[in-house]
Undergrad: 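First the structure, which I've put down as structure tokens, then a few questions once you've had a look.
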Amino acid sequence: LDSFARAHPKVEVLPISLDRDAQKVSEFLTKNNLLTLPVTLDIRQQAMRALGLRTLPATLLVDAQGRIIAKTVGMVDWSDNAVSGQVMKH
């Protein structure tokens, strides 16, 4: 996801973590060289409930008006050109 965001600067990527420990999230990001994106902590799972998510990981594409235009549940290979093409066509 980090590399996808760097390759597509016009796409705003907003990672959300449900972890309760910000330090562990920070350590994970550092260990995996995922330092480009700021991560929002949703420890009370408010965003997850508001977005109707029950399974993680999940990816939502939201248009400029704030409408969800695509939703994927499960792992996504963000380095796959086919994935990038699908995102960019929206």
Undergrad: Examine distances only and state if a side-chain atom of Asp19 and a backbone atom of Asp21 form a donor-acceptor pair shorter than 3.5 Å.
TA: no
Undergrad: Would you mind reporting whether Thr40 and Leu14 have side-chain heavy atoms less than 4.5 Å apart?
TA: no
Undergrad: Identify the two heavy atoms, one from Ser17 and one from Val39, that lie closest to each other, and give their separation to 0.1 Å.
TA: CB-CG1, 3.7 Å
Undergrad: Asp2: which residues meet the side chain to side chain contact (heavy atoms under 4.5 Å, CB included) condition with it, sequence neighbours left out?
TA: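 Partners of Asp2 by the side chain to side chain contact (heavy atoms under 4.5 Å, CB included) criterion, ordered by chain and then number, come out as Arg6, Leu34, Thr36, Leu37.
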Undergrad: Any side-chain to backbone donor/acceptor pair from Asp42 onto Met48? Under 3.5 Å, distance only.
TA: yes
Undergrad: For a quick test of reading the model, state the closest non-hydrogen atom pair linking Pro38 to Pro15 and the distance between them.
TA: O-CD, 3.4 Å
Undergrad: Return the CG to CD1 distance between Leu51 and Ile16, rounded to the nearest 0.5 Å.
TA: 6.5 Å
Undergrad: Report whether Val13 and Ile69 are members of the same hydrophobic cluster (ILVMFWY, side-chain heavy atoms less than 4.5 Å apart, transitive linking).
TA: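 Yes, one cluster joins them.
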Undergrad: Distance-only criterion, 3.5 Å: show the donor-acceptor pairs between side-chain atoms of residues 53-64 and protein atoms not counting sequence neighbours.
TA:
from  : atom 1 : to    : atom 2 : distance (Å)
Asp63 : OD1    : Gln65 : N      : 2.9
Asp63 : OD1    : Gly66 : N      : 3.1
Asp63 : OD1    : Arg67 : N      : 2.8
Asp63 : OD2    : Arg67 : NE     : 2.8
Asp63 : OD2    : Arg67 : NH2    : 2.8

Undergrad: Any pair with a residue in residues 8-62 that passes ring-ring contact (aromatic ring centres under 6.0 Å, His included), sequence neighbours left out, goes on the list, sorted by first then second residue, please.
TA: Phe4-His8
Undergrad: Rounded to the nearest 0.5 Å, how far apart are CG of Leu18 and CZ of Arg20?
TA: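 Spacing of CG (Leu18) from CZ (Arg20) equals 9.5 Å.
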